[in-house]
Amino acid sequence: MQHHAAAKDLAEAMREGCLGVRIGRLHRVVARRFDQALRPLGLSLPQLEVLGVLMVRGPLKPTAVAEALAVERSTISRNLSLMERKGWVARESSPSGRANSVAITEQGISVLASAREAWADAQAYVVELLGSDSPATIDSWLKALATP
């Protein structure tokens, strides 16, 4: 019975104010809006994010892409494999053949450019609902949480 009471207390505390649960739910709701906007292009928000990083930063090792996006290496590997099959990214080797990096292709650049309007519509919708200061607020939270 003691475990039952402890579990119920935790469940109530989570319902009343757990940031992890709330931020996870916020992520799913916001990501769904972007994914719906991007779906007609055959693109997902995580894929758009990868293309954006590669467009801005140039060829990167998969580990660096994962670090830039704060996601697990295995998640990036799955996304990069799918994106490579679609022709949006290509793997590159160093002259020694040892280092493996990934770069956005011309087809990937075209897909990224074609997503501009869908992304802008989703972004405007979410910012309108959450407030114009929401990107800066979220950035400050991320910065605070990244600091040890």
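Throughout, numbering of the chain's residues begins at 1 and tracks the sequence.
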Is there a chain of hydrophobic side chains (I, L, V, M, F, W, Y, each step under 4.5 Å between heavy atoms) that links [X] to [Y]?
X	Y	answer
Phe34	Ile138	no
Met55	Trp119	yes
Tyr125	Leu41	yes
Val29	Ile23	no
Leu26	Met14	no

Spatial distance of atom [atom1] ([X]) from atom [atom2] ([Y]) [nearest 0.5 Å]:
X	Y	atom1	atom2	value
Glu49	Leu69	CD	CG	4.5 Å
Leu80	Leu60	CG	CG	10.0 Å
Lys61	Glu67	NZ	CD	10.5 Å
Ser110	Trp88	OG	CH2	10.5 Å
Leu51	Leu43	CG	CG	6.5 Å

Please say whether more than 12 non-hydrogen atoms of neighbouring residues, nucleotides or ligands are located less than 6.0 Å from CD in Gln107. yes
Considering all heavy atoms of both residues, which atom of [X] and which atom of [Y] are nearest to each other, and what is their separation?
X	Y	result
Val127	Pro135	CG2-CG, 4.3 Å
Ala31	Leu45	CA-CD2, 4.1 Å
Ala68	Val53	CB-CG1, 4.2 Å
Leu48	Ala115	CD1-CB, 3.7 Å
Asn79	Pro46	ND2-CB, 3.8 Å
Ala118	Leu38	CB-CD2, 4.1 Å

Restricting to pairs with a member in residues 15-44, which pass salt bridge (charged side-chain N to carboxylate O under 4.0 Å, His left out), not counting sequence neighbours? Glu12-Arg15
Is a side-chain N or O of Ser77 found less than 3.5 angstrom from the main chain of Arg73, in a donor-acceptor match? yes
Whether the side chain of Thr105 engages the backbone of Ala90 through a donor-acceptor N/O pair (distance < 3.5 Å, no angle test) should be reported. no
Could you go through Arg91 and Ser81, starting from their C-alpha distance and side-chain angles, then the distance that decides it, and tell me whether this counts as side-chain contact (heavy atoms from CB on, under 4.5 Å)? CA-CA 10 Å; Arg91 296 192 188 269; Ser81 292; 3.9 Å; yes
Kindly indicate whether the side chain of Ile104, heavy atoms from C-beta on, has any atom under 4.5 Å from the side chain of Val50. no
Compare all side-chain heavy atoms of Gln47 with those of Leu82 and state whether any distance is below 4.5 angstrom. yes
Please identify each residue that fulfils side chain to side chain contact (heavy atoms under 4.5 Å, CB included) with Ala113, with sequence neighbours left out. none
